[in-house]
Every structure is written in structure tokens, then in C-alpha cells.
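Below: the structure, in C-alpha cells.
Both backbone and side-chain heavy atoms feed into the values below; hydrogens, waters and symmetry mates do not. Atoms within a ligand are numbered from 1 in the order they appear, just like the ligands themselves. Numbers here simply count residues along the sequence, with the first being 1.
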Amino acid sequence: MLNEHNSSKIGTLYVVATPIGNLDDISQRALKVLSSVDLIAAEDTRHTGKLLSHFAIKAKTVAVHDHNEKQKSQQIVNWLNEGLDIALVSDAGTPLISDPGYAVVNLCREQGANVTPVPGACAAIAAVSCSGLATDKFQFLGFTPAKSKARQDFYLNAVESGITSIFYESTHRILASLDDAAECLGSEQKIVLAKELTKTYETFFSGSISELIAFLNEDRARQKGEFVLMLPGKVVDKQEFGPEVMRMLELIKAEMPLKKACGVVATYFDLKKNALYKAVLEQQESE
Ligand code: SAM
């Protein structure tokens, strides 16, 4: 559904990013929008109240958080339909990014309401942009799971994806989470931590998981604050053909000549046909 801005009939929902630490990171446009809307839908009205009073903005606020978002969404669309302009903000950063707002925006889209972003800070993007990790492709995975087994699966899948992974971790789980990462990825696995971004004690740490654990254990204060963790994707050695490749080749070569079967499987897995063919011949010779 296309937005038609400045429609005289219905209002606009502005999805407004707010700072993740340094208040100077608020944009001119965010200030203008927050000052001019009829209503601000905030994750925590007291928290947003402090931000608004810092910038001397007087605005009506309404709480829209994880526990009431579903019920409030229709009310917000109704207000937009009545012509009110509304800003959606979370406690920090970009709303909807590991924050409330999905139900509201989804319903607005379903019901054809105007939605427009007022972009700004996002911890994941700020972190990866200074991480030194590959940024041509990356995935954002939200918060790590709470349970150890699920977290180990999460870490394995992250690295196996082959691209940079960015995720959030809380202060009370950071050490247990890194222990899980070491357990399933090995303690030598490279990892990057971005802590307290844009704040006084902003810290980037890049090293092995065991080095990061040692760094955090050196001073308990280092375990406090807000964290983004990042892992590089595993570089797949295309000469080592995994069990999935060999299993498919086994099935397909029953139906066609080996060379052709290697071509089909190589295309499917995005591998080099000749390398696969050579590896299979070598394997056959050694058997
Ligand atoms: N919507 C926010 C955003 O755009 O980044 C994220 C909200 S999420 C509830 C909060 C988590 O984001 C924190 O637990 C931490 O993992 C990460 N985070 C937020 N601010 C941060 C900062 N200044 N430095 C590092 N991580 C931060």
C-alpha cells in the first residue's frame, strides 16, 4: 500500500528513532515531528517524558508497549483515520527493532493508514558499522534465546549462515551466553562486542571468545551496560564437500553419469563442478 502524505483525510504514523545514549543523536526532523504531532505513542511514557522535557517538547503521550500493543493498535488506526498525526517511539533507538511497534505498524499497513519513518540511531547498525566485520551482507538476530541449548543452536546457525551476524545480549546473561558460544563454536572463535555505544564508556572489543570472557572478568564493571555482539560468518571451504552434498550426489548419480550428476549438485549448492568431480574421483580411488 502506498503512502499518500499530506492527505487531508487521514493522519500519519511517524515511526521515530530516538538516541541510544547520546542525546545529540536526535535528528532535527525527529524534534520537528515530536513537537508537531497530536499524540506520541511511547513504549514507556515516563521514559519518553524525560526525553521530551530535555528538548522542551510538550506533547500528549499514550503508552503502547508489549503488553497492550495488540489492543491499542486499532485505537491508533482509528485516531489516524480521524486525522490525528501520531509519533511512535520506543525507549531508545529505532522502534520495532527488538522493541514494540510491530502490531501497530502491521495493522496500519493492513488498513491502509499512512506510515513513514523518521530514521536515526539503531544499536545494531551503529555496532556493525564500526566492527571491522564484513558489512556487504549481514543478519540481525534480535536477542539471544534465554535457554542454554537454544542459545548454542542460535550460535551455530549464526556462524553457519556464512554472513556477519549481529545480536543483542543483556547484562545479566552476557557471561553465560559467551560460555555457550565457546562451548559450541570453540573458544578461539572470533567475536566482536560493542558496549555502551555513544555513551561515556563506549567500548569495542574484538578477539576470540576466550579473550572476551577474560576481558569481561577482569573488571565486573565491564559486565554492566548494554551490549551488541557480532560474529563473522564461517568461510565455507568449498573443497570440503559436506555430508548434504555427498548424500545428494549419491542419489543423483544413480540416475545419470557421474560428471553430469556433479554438475547438477554443484549448481544446486553453488559449488565448483570440476572441484566436486575431482574430489569424488579421488574419494573413489582411495576406497
Ligand atoms: N530499538 C533499539 C535499537 O534500535 O537498537 C534496541 C532496543 S532493545 C530493547 C535494547 C538492546 O539494544 C540492549 O539490551 C542492547 O543489547 C542494545 N542496545 C541499545 N542501546 C545500546 C547501546 N547504547 N550500546 C550497545 N547496545 C545497545
Please tell me if the side chains of [X] and [Y] come closer than 4.5 Å, counting only heavy atoms from C-beta onward.
X	Y	value
T94	D99	no
F140	Y168	yes
L133	K190	yes

For [X] and ligand 1, does the shortest N/O to N/O distance drop below 3.5 Å?
X	value
C122	no
I20	yes
G21	no
A194	no

So, for Y155 and F167, is the gap between ring centers shorter than 6.0 Å?
-> yes

Is a side-chain N or O of [X] found less than 3.5 angstrom from the main chain of [Y], in a donor-acceptor match?
X	Y	value
Q223	L175	no
N22	K199	no
H47	D91	yes
S161	I163	yes

[X] neighbourhood, listing ligand 1 atoms whose heavy-atom distance to it stays under 4.0 Å:
X	answer
I97	1 (N), 2 (C), 6 (C), 7 (C)
D99	1 (N), 2 (C), 7 (C), 9 (C)
T94	1 (N), 3 (C), 4 (O)
V228	25 (C), 26 (N)

Just heavy atoms, cut-off under 4.0 Å: does [X] contact ligand 1 by side chain, backbone, both, or neither?
X	result
E202	neither
A92	backbone
F143	side chain

Which is it for E82 and N78 under the side-chain hydrogen bond (donor to acceptor under 3.5 Å, both in side chains) test, yes or no, and what are the steps along the way?
-> CA-CA 6 Å; E82 286 164 19; N78 294 345; 6.0 Å; no

For [atom], what is the nearest protein heavy atom, given as residue, atom name and distance?
atom	answer
atom 22 (C) of ligand 1	L197 N, 3.5 Å
atom 8 (S) of ligand 1	S98 O, 3.5 Å
atom 15 (C) of ligand 1	F227 O, 3.5 Å
atom 18 (N) of ligand 1	A123 CB, 3.5 Å

Nearest non-hydrogen atom to atom 17 (C) of ligand 1 belongs to which of Y168, F167, F140?
-> Y168

Nearest heavy atom to atom 19 (C) of ligand 1 wins, so pick from E43, E169, E226, K199.
-> E226

Using 4.0 Å as the upper bound for N to carboxylate O, is an ion pair formed by E202 and K195?
-> no

Does the pair K224/E196 count as a salt bridge with the N-to-O cut at 4.0 Å?
-> no

